[in-house]
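Okay, structure first, notes after.
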Amino acid sequence: MIETEDKPLLKLRNIRKSFGALEVIKGIDLDVKTGEVVSIIGASGSGKSTFLRSINAIEMADVGLMEFEKFRFDFAAGSANHPTRRQLQELRSRIGMVFQSYNLWPHLTVLQNVIHAPVKVLGLPRSEAIEIAEALLQRIGLYDKRNSYPSRLSGGQQQRVAIARALAMKPKLMLFDEVTSALDPELVHEVLTLMASLAAEGMTMLLVTHEISFARDVSSRVLFFEKGVIAEDGLPKDVLQNPQSPRLQQFLHRILHDNVKAGGEAADKEAVAK
Ligand SMILES: Nc1ncnc2c1ncn2[C@@H]1O[C@H](COP(=O)(O)OP(=O)(O)O)[C@@H](O)[C@H]1O
Ligand SMILES: [Mg+2]
């Protein structure tokens, strides 16, 4: 197969997802190229998490087409290209996901957390998995904590380990869902710094965030979600500094107000200032 440079790494067409009568994702089209960093912003309940979760099939879309690496899926029930269980497992091992709650295994040490999936899912020899994990822990500055249990780590450290755990699978795409939202303000920076360094190294990333200044500085594109659709999609400077819809203007205004009220992120103010 001939792969051209311009071929997107991830291609989604008409992705839809309902929970009962509630349609949450209403026909999303999206192409993400290798190396792109796409930030998703939008009000609570607009479907951001459900969208990310349907990309690595934690939630299965009701209909829609997805292309990622060798996979070509058609989520419509009964389709010949409906993903099999095995394909879904493989897909999930190629797409890393990090959540707001770090979800580290409390009964495993930091190192054991990081080697778990490479050994269990990829079948890597333990020694090789340890080598990869130790290099990642060096990189995130937590090598010294490799034999500690998660409960001994700060929230920021745990979240960095969660990112290292995802990276240990050598994913082609990383999904981040509000990964700094549960952190104390003074711990947000260390996690964002790690994400920015991944972006700078060319990792393809889709992230849901309320960190407007981070979205402005690090992403190549920003999407504004509204009620299950992408209402705006463009360069950070256009979407964040020249929002077209009143809804986005209100959203940015509110987020700015909340952040200032919380005493944080004066930089957010700059991010939306013209
Ligand atoms: N598993 C689920 N079952 C039923 N409703 C859900 C489920 N997950 C999400 N929802 C609903 O879908 C809507 C979008 O949720 P979500 O994707 O979490 O939005 P966001 O991440 O933008 O806040 C909300 O109304 C939420 O209550
Ligand atoms: Mg969410």
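Since this is a predicted model, take the numbers as computed values, not measurements. Counting starts at 1 for both ligands and their atoms, in listed order.
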The atoms of ligand 1 lying under 4.0 Å from a heavy atom of Leu22, numbered in the order shown, are 25 (O)

Verify atom 22 (O) of ligand 1: protein non-hydrogen atom under 4.0 angstrom away: yes

Taking only non-hydrogen atoms of Ala43 and a 4.0 Å limit, the atoms of ligand 1 in range are 22 (O)

One should read off an interatomic distance between Asp238 CG and Glu232 CD, to the nearest 0.5 angstrom, of 9.5 Å

**Asked** Is a salt bridge present between Glu211 and Arg216, judged by a nitrogen-to-oxygen distance below 4.0 Å?
**Response** no

Hey, what's the ring geometry for Phe224 with Phe251, parallel, tilted or perpendicular (30° and 60° as the breaks)? tilted

>> Protein heavy atoms near atom 13 (C) of ligand 1, is at least one of them under 4.0 angstrom away?
In response: yes

- Does ligand 1 have an atom under 4.0 Å from some heavy atom of Gly228? no

Of all protein heavy atoms, the one nearest atom 16 (P) of ligand 1 is Thr50 OG1, 3.7 Å

Heavy-atom contact under 4.0 Å between Gly47 and ligand 1?
yes

Modelled atom types, side-chain donor and acceptor of Asp177 and Ser49, under 3.5 Å: yes

One thing to verify: whether Asp31 and Arg13 come together as a salt bridge, which I'm taking to mean a side-chain N less than 4.0 angstrom from a carboxylate O. yes

Given a cut-off of 2.8 Å, the protein N, O or S atoms lying below it from the Mg ion (ligand 2) are Ser49 OG

*asked:* So Glu134 and Leu111, do their side chains get closer than 4.5 Å, heavy atoms only?
replied: yes

Hey, is Lys26 close enough to Glu226 for a salt bridge, meaning N to O under 4.0 Å? no

Distance col, row Leu9:CG vs Phe68:CZ, nearest 0.5 angstrom, shows 5.0 Å

Residue set satisfying side chain to side chain donor-acceptor pair (under 3.5 Å) with Ser219, at least two apart, ordered chain then number -> Ser39

Heavy atoms of Asn14 and Gly27 approach each other most closely as OD1-CA, 3.3 Å

among protein heavy atoms, the one nearest atom 20 (P) of ligand 1 is Gly45 N, 3.4 Å

The atoms of ligand 1 lying under 4.0 Å from a heavy atom of Ser49, numbered in the order shown, are 17 (O), 18 (O), 20 (P), 21 (O)

Taking the six-membered ring of Tyr143 as reference, does the NZ or CZ atom of Arg146 fall below 6.0 Å from its centre and within a 45° cone about the axis? yes

For atom 6 (C) of ligand 1, the closest protein heavy atom turns out to be Phe19 CD1, 3.2 Å

